[in-house]
Amino acid sequence: MIPRILAIAGSDSSGGAGIQADIKTVTMLGGYAMTAITAITVQNTRGVSAVQALEPDLVLAQIDACLSDIGADAIKIGMLGNATIAARVAERLAALDGKVPIVFDPVIVASSGDELADAATIASFAVLIRLATLTTPNVSELAVLGGSGAMVAHGRAWLAKGGDRPGAVVEDVLTIPGEAPHTYAAPRIETRHTHGTGCTLSSAVATELGRGASLPEAVERAREFVRTALRKAPGFGEGAGPLGHAQVMR
Ligand code: PLP
């Protein structure tokens, strides 16, 4: 079975994050990657120098072209570009009636610290969280989204990623409504090459869900993929460099 995965996300010219990380991740995990690009970012490992969101109609047309023909076993949502695109994407995905697993990475800032979502876009995240099978905030994204209390109120599963919290052990906690929390802990991999870890993790979870894995299994395998890619980072660039997606052997 080849899971068909649609990534709705922004392009990262330097290839480490965004759509490029999504394609590499899905491909390395044996899935078939499709894309609906929301925005073009001009960036490298040092930072983001320009962002251009695409016309919302063009984003929707990409989604429809993929879903109406090849179809999808799971969908990953990353950078949305602006509030209009976010609202249109939400409307389109709501029409799927929960039949396709959706992983939402609520991208707010790049690893360089540059902003990738404005206040209006962030305000539209709540509707996507309620549509998503899993939302994957990091420490600062979770705070902006209102913390655990707000996530509980949405009534959907979420993965609180702990990589940004200092400490020798990195702990991610998966909360599924009605279940005891699933905690994943492992020694921190010391590296500055963390560009695209969030994109990679969410795409890997989507691929595994598309293959039929349960949420806890999908998160477990996705974490392992990210950790291996972190260990195999090629060391490119002067800033936060990319992961070694292509060096992860299944
Ligand atoms: N999406 C795009 C297009 C990006 O450029 C970035 C970071 O630069 C991200 C998402 C988020 O990156 P990360 O996976 O490091 O959180």
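Note that ligands are numbered from 1 as they come in the structure, with each ligand's atoms numbered from 1 the same way.
Checking Asp12, Thr194, Thr38, Leu116 against atom 6 (C) of ligand 1, the nearest heavy atom belongs to Leu116.
Test Ile70, Thr207, Leu6 against Tyr32 for side chain to side chain contact (heavy atoms under 4.5 Å, CB included) and you get one pass: Ile70. A side chain to side chain contact (heavy atoms under 4.5 Å, CB included) with Lys76 is found for exactly one of Ile8, Thr136, Asp22, Leu209, namely Asp22.
Taking any N or O of Gly198, backbone or side chain, at least one lies under 3.5 Å from an N or O belonging to ligand 1. In terms of N/O distances under 3.5 Å, ligand 1 is approached by Gly196. Inclusion of Cys199 in the set of residues having an N or O under 3.5 Å from an N or O of ligand 1 is warranted. Checked by distance only, ligand 1 and Gln43 come closer than 3.5 Å through their nitrogen or oxygen atoms.
Within the listing of ligand 1, atoms 7 (C), 8 (O) sit less than 4.0 angstrom from a heavy atom of Ala110. Listed by number with element, the atoms of ligand 1 under 4.0 angstrom from any heavy atom of Gly18 are 1 (N), 2 (C), 3 (C). Of all atoms in ligand 1, numbered sequentially from 1 with element shown, those under 4.0 Å from a heavy atom of Thr197 are 14 (O), 15 (O). The distance from ligand 1 to the heavy atoms of Gly10 drops below 4.0 Å at these ligand atoms: 3 (C). Heavy-atom proximity to Ala17, at under 4.0 Å, picks out these atoms of ligand 1: 4 (C), 6 (C), 7 (C), 8 (O), 12 (O). In the vicinity of Met79, heavy-atom distances shorter than 4.0 Å reach the ligand 1 atoms 1 (N), 3 (C).
Proximity of a side-chain donor or acceptor of Thr38 to a complementary backbone N or O of Ala9 within less than 3.5 Å is detected.
Within the 4.5 Å cutoff, side-chain heavy atoms of Tyr184 are placed close to those of Pro216. Within the 4.5 Å cutoff, the side chain of Val219 has heavy atoms near those of the Leu134 side chain. At least one side-chain heavy atom of Leu215 sits under 4.5 Å from a side-chain heavy atom of Ile176.
A salt bridge links Glu208 and Arg211; the closest N-O separation between the charged side-chain nitrogens and carboxylate oxygens is under 4.0 Å. Using a cut-off of 4.0 Å between Lys/Arg side-chain N and Asp/Glu carboxylate O, Lys99 and Asp73 are scored as not salt-bridged.
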